[in-house]
Amino acid sequence: MAVEKSCFGTLSDGREAAQFTLTNGNGMTLVVTSYGCRILELLVPDRQGRLGNVVLGHRTLEEYLGADYQGACVGRYANRIGGASFTLDGAVYPLAKNDGENTLHGGPGGFHQKIWEATVQDGDEPAVTFTTESPDGEEGYPGRLQVQVTYRLTRENALSLEYQAVSDKKTPFNPTNHSFFNLSGDPQKEVLDTVLQLHAAHSTQVTDDLIPTGELVPVAGGPLDFTQGKPLGQDMFAPDPLVQLCGGFDHNFCVDGEGFRLFATAQEPESGRVMEVWSDLPGVQLYTFNKVDAGLLGRDGLPMKPHTAFCLETQFYPDSVHHSQFPFTWLEPGVPFSTKTVYRFSVSS
């Protein structure tokens, strides 16, 4: 069997969070749970062929409860919406303020808190498809939204994330996956030496609370310039006001081009692991795990530490609901929406 099912834990109301372990023909292994559609583990080979877990996570269901987004499918709207509200066709939709005066990652009861239904597909490219329904008005968003997310391991050691959705009312939708990557396989090792290349000549200018102003600014020559590739630690503590405020990177990059294309390449020099990120969305959020909540433990049972992971969250730009010039697609009633992001793994010589 390329897919195995077990129990990850039980919520206080008695609902079970299932766990699925998928393995392809090369031994690459994905462990996911129906709670938040989360990636718990992702085992990929290093330069010597040794498998290692390249995502951070926790040991128990209880550790994921609340505002923990590690590995989760985020929605309805990933990243931030300024002022925790938006206007659509003359109607104002207030949202939860769970990030200062703004809303973050779909609100406190977003997709990361749901138990998703699951079906599995066995074979040499095993997959699990998660589905959920978000009722009209949930977290303040209009429309009954039906969502399907498929995680698939390919023969070529890629993890494919395929999203589909349809709503019965016009509504904003911006899904992403919030995995925390550490290509060394050691969750205690900082990612400062990981070399990242981003195919993005611009980023979104933001205020101090990370809400876009609407301006796209060139990255050339500054700390956000990853166009030629550089170690994450090279400018992670640069004397830049926003970098200093964030304690590292927490920035949306406007990826060059359109359609399904290469967004980023990350390489960990010691392990030799290489990860390419491909997607058809317009942007990607780079986050370098700048702050760790007290008491947060990893799958190794040890306290998590800052800067031991990086996130590359493919997405529409933050706060696109307030910026008509941003590349954004509102869901129209009955019109299916789909997007795809792929993480391709290999090793350097």
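Both backbone and side-chain heavy atoms feed into the values below; hydrogens, waters and symmetry mates do not.
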Q: Under the 3.5 angstrom rule, does the side chain of N26 hit a backbone N or O of R155 as a donor-acceptor pair?
A: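 Yes; judged by distance alone, with no hydrogens or angles, the pair exists.
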Q: Just wondering, do K170 and L331 contact through their side chains at under 4.5 Å, heavy atoms?
A: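 In short, these two side chains do not touch, never coming nearer than 4.5 Å.
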Q: Can the positive tip of R261 be found less than 6.0 Å from the middle of the six-membered ring of W278, inside 45° of the ring normal?
A: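 Ring-cation test returns no.
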Q: Give a yes or no on whether the backbone of Y317 and the side-chain of N252 come within a donor-acceptor separation of less than 3.5 Å.
A: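 Such a contact is absent between N252 side chain and Y317 backbone.
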Q: Return each pair, listed once, that meets ring-ring contact (aromatic ring centres under 6.0 Å, His included) where at least one residue sits in residues 32-53; pairs must be two or more places apart or across chains.
A: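 Every pair satisfying ring-ring contact (aromatic ring centres under 6.0 Å, His included) with a residue in residues 32-53: there are none.
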Q: Given salt bridge (charged side-chain N to carboxylate O under 4.0 Å, His left out), test E162 with R152 step by step and report yes or no.
A: CA-CA 8 Å; E162 304 152 24; R152 186 184 315 277; 3.2 Å; yes
Q: Could you tell me which non-hydrogen atom of L30 sits nearest to which non-hydrogen atom of I39, and how far apart they are?
A: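 Between these two residues, the closest heavy atoms are CD1-CG2, 3.8 Å.
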Q: Just jot down the salt bridge (Lys or Arg N to Asp or Glu O under 4.0 Å) partners of D225, sequence neighbours excluded, or say none.
A: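 Residues passing salt bridge (Lys or Arg N to Asp or Glu O under 4.0 Å) with D225: none at all.
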Q: Whether the side chain of W116 engages the backbone of F111 through a donor-acceptor N/O pair (distance < 3.5 Å, no angle test) should be reported.
A: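 Here the side-chain-to-backbone pair exists.
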Q: Please check if any side-chain donor atom of D280 sits under 3.5 Å from a side-chain acceptor atom of T339, or the reverse.
A: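 Side chains of D280 and T339: pair found under 3.5 Å.
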Q: Donor-acceptor pair, Q244 side chain versus A238 backbone, under 3.5 Å?
A: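 At least one qualifying donor-acceptor pair exists.
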Q: Set out, in order, the CA-CA distance, both residues' side-chain angles and the distance that settles side-chain contact (heavy atoms from CB on, under 4.5 Å) for Q113 and L11, then state yes or no.
A: CA-CA 11 Å; Q113 297 274 44; L11 295 178; over 6 Å; no
Q: Measure across A2 and G123 and return the closest heavy-atom pair with its distance rounded to 0.1 Å.
A: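 Closest pair (atom of A2, atom of G123, distance): CB-O, 3.3 Å.
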Q: Considering only heavy atoms from C-beta outward, does the side chain of R38 approach that of V32 to under 4.5 Å?
A: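 Sidechains of V32 and R38: no contact.
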Q: More than 12 non-hydrogen atoms from neighbouring residues, nucleotides or ligands closer than 6.0 Å to CD on Q48, yes or no?
A: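 More than 12 within 6.0 Å, yes.
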Q: Between D319 and H322, is there a donor-acceptor pair closer than 3.5 Å when you use the side chain of the first and the backbone of the second?
A: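 Absent.
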Q: Please tabulate, for the side chains in residues 86-95, all donor-acceptor contacts under 3.5 angstrom to protein atoms that are two or more places apart in sequence or on a different chain.
A:
none

Q: Looking only at non-hydrogen atoms, find the nearest pair between S160 and K340 and report the distance.
A: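 Looks like OG-CE, 3.4 Å.
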Q: Can you tell me if E270 has over 12 outside heavy atoms packed within less than 6.0 Å of its CD?
A: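 Atom CD in E270 is not packed in, count stays at 12 or less.
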Q: Tell me which one of F180, Y287, F237, F249 satisfies ring pair (Phe, Tyr, Trp, His ring centres under 6.0 Å) with H307.
A: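 That would be F237.
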Q: Is it true that T103 and R80 share a donor-acceptor pair across their side chains at a distance under 3.5 Å?
A: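 No.
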Q: For Q228, I'd like to know if atom CD has over 12 heavy atoms of other residues, nucleotides or ligands within 6.0 Å.
A: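 It does not: Q228 CD has 12 such atoms or fewer within range.
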Q: Which heavy-atom pair separates Y77 from P318 by the least distance, and what is that distance?
A: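 Nearest heavy atoms, Y77 then P318: OH-C, 4.1 Å.
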Q: Is it true that Q164 and Q148 share a donor-acceptor pair across their side chains at a distance under 3.5 Å?
A: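 There is such a pair (donor and acceptor under 3.5 Å, judged by atom type) between the side chains of Q148 and Q164.
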Q: Is there a path of hydrophobic side-chain contacts, each under 4.5 Å between heavy atoms, that joins V342 and V128?
A: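 Different clusters: V342 never reaches V128 through Ile, Leu, Val, Met, Phe, Trp or Tyr contacts under 4.5 Å.
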Q: Do the non-hydrogen side-chain atoms of E133 and V147 ever get within less than 4.5 Å of each other?
A: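 A side-chain contact is absent here, since even the closest heavy-atom pair is not under 4.5 Å.
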Q: With under 30° as parallel and over 60° as perpendicular, where do the rings of Y343 and F181 fit, or are they tilted in between?
A: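 It falls in the tilted class, 30° to 60°.
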Q: Any side-chain heavy-atom pair from V292 and K305 closer than 4.5 angstrom?
A: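 No, every pair of side-chain atoms sits at 4.5 Å or beyond.
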Q: Please answer: with hydrophobic residues joined when any side-chain heavy atoms are less than 4.5 Å apart, are V31 and F130 in the same cluster?
A: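 Per the 4.5 Å side-chain linkage, V31 and F130 are not co-clustered.
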Q: Between the side chain of N53 and the main-chain N/O of L56, is any donor-acceptor distance below 3.5 Å?
A: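 Side chain of N53 to backbone of L56, a donor-acceptor pair under 3.5 Å: no, none is there.
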Q: Could you tell me whether the side chains of T341 and T314 share a donor-acceptor contact shorter than 3.5 Å?
A: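 The criterion, which ignores hydrogens and geometry beyond distance, is satisfied for T314 and T341.
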Q: Using the test side chain to side chain contact (heavy atoms under 4.5 Å, CB included), find all partners of D208 that sit at least two apart in sequence or belong to another chain.
A: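 Result, side chain to side chain contact (heavy atoms under 4.5 Å, CB included) vs D208: L245.
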Q: Will you find, in the side chains of Q285 and N79, an N or O donor that is under 3.5 Å from an N or O acceptor?
A: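 Short answer, yes.
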Q: In Å, rounded to the nearest 0.5 Å, how long is the span from CZ of F345 to CG of N157?
A: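 It comes to 9.0 Å.
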Q: Could you give the distance from CG (L159) to CE (M275), rounded to the nearest 0.5 Å?
A: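 Nearest 0.5 Å value for the CG-CE distance: 10.0 Å.
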Q: Go through D250 and N290 one step at a time and tell me if the side-chain hydrogen bond (donor to acceptor under 3.5 Å, both in side chains) criterion holds.
A: CA-CA 8 Å; D250 195 358; N290 304 320; 5.2 Å; no
Q: Determine whether E138 and K114 satisfy the following criterion, salt bridge (charged side-chain N to carboxylate O under 4.0 Å, His left out), listing intermediate values before the conclusion.
A: CA-CA 12 Å; E138 185 172 56; K114 287 179 171 288; 3.1 Å; yes
Q: Enumerate the residue pairs fulfilling ring-ring contact (aromatic ring centres under 6.0 Å, His included) with a member in residues 43-62, sequence neighbours excluded, ordered by first and then second residue.
A: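 As it turns out, the ring-ring contact (aromatic ring centres under 6.0 Å, His included) pairs with a partner in residues 43-62, which skip direct neighbours, are H58-Y64.
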Q: Between F173 and W330, is there a shared hydrophobic cluster once you connect ILVMFWY residues whose side-chain heavy atoms come closer than 4.5 Å?
A: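 Cluster IDs for F173 and W330 match.
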Q: Answer yes or no: is there a donor N or O on one side and an acceptor on the other, between the side chain of R47 and the main chain of S348, under 3.5 Å?
A: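 Side chain of R47 to backbone of S348: a pair is present.
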Q: Out of curiosity, does M304 fall in the hydrophobic cluster containing Y69 (side-chain heavy atoms, cut-off under 4.5 Å, transitive links)?
A: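 No, separate clusters.
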Q: NZ/K230 to CG/L198 distance, rounded to the nearest 0.5 angstrom?
A: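 Answer for the NZ-CG pair, K230 versus L198, is 9.5 Å.
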Q: Do H112 and H105 have their ring centres less than 6.0 Å from each other?
A: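 Centroid separation for H112 and H105: 6.0 Å or greater.
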Q: Taking the six-membered ring for Trp, are F337 and F316 parallel (under 30°), tilted (30 to 60°) or perpendicular (over 60°)?
A: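 Judged by the thresholds at 30° and 60°, the geometry between F337 and F316 is tilted.
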Q: Using atom types as modelled and distance alone, determine if a side-chain donor or acceptor of S167 lies under 3.5 Å from a backbone N or O of T171.
A: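 Absent.
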Q: Nearest 0.5 Å, what's the OG1-CG distance between T29 and L43?
A: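 Interatomic distance, T29 OG1 to L43 CG, rounded to 0.5 Å: 5.0 Å.
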Q: Kindly say whether E101 contributes a backbone atom to a donor-acceptor pair with the side chain of D209 at under 3.5 angstrom?
A: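 No, the answer is negative, given that no donor and acceptor are paired below the 3.5 Å cut-off.
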Q: Quick check: closest heavy atoms across F8 and R59, and the distance to 0.1 Å?
A: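 Looking at all heavy atoms of both residues, the closest pair is CE1-O, 3.7 Å.
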Q: Check the surroundings of atom CD in E117: do more than 12 heavy atoms from other residues, nucleotides or ligands lie under 6.0 Å from it?
A: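 No, because the 6.0 Å sphere around CD of E117 holds 12 heavy atoms or fewer from other groups.
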Q: Considering all heavy atoms of both residues, which atom of L22 and which atom of Y151 are nearest to each other, and what is their separation?
A: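 That closest heavy-atom pairing would be CD2-O, 4.0 Å.
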Q: Spell out, yes or no, whether F328 and V284 are grouped together once hydrophobic residues are joined by side-chain heavy atoms under 4.5 Å, including indirect joins.
A: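 Yes; V284 is reachable from F328 via cluster members.
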Q: Is the NZ or CZ atom of K291 both under 6.0 Å from the centre of the six-membered ring of F289 and within 45° of that ring's axis?
A: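 No; the conditions do not both hold, so K291 does not lie above the ring face of F289.
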Q: Partners of T150 by side chain to side chain donor-acceptor pair (under 3.5 Å), sequence neighbours excluded?
A: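 Residues passing side chain to side chain donor-acceptor pair (under 3.5 Å) with T150: T129.
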Q: Can you check whether S179 reaches Q70 side chain to side chain, under 4.5 Å on heavy atoms?
A: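 Of all side-chain heavy-atom pairs linking Q70 with S179, none is under 4.5 Å.
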Q: Between K169, R76, R144, which is the residue that forms a salt bridge (charged side-chain N to carboxylate O under 4.0 Å, His left out) with D136?
A: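 Going through the options one by one, the only one that passes is K169.
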Q: Are side-chain heavy atoms of Q188 and D300 found at a separation under 4.5 Å?
A: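 Yes, close enough: below the 4.5 Å cut-off.
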Q: Within the distance-only criterion (no hydrogens, no angle test), does the side chain of T227 pair as donor or acceptor with the backbone N or O of A200 below 3.5 angstrom?
A: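 Absent.
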Q: To the nearest 0.5 angstrom, please state how far the CG atom of L196 sits from the CD atom of Q234.
A: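 The CD atom of Q234 is 11.5 Å from CG of L196, to the nearest 0.5 Å.
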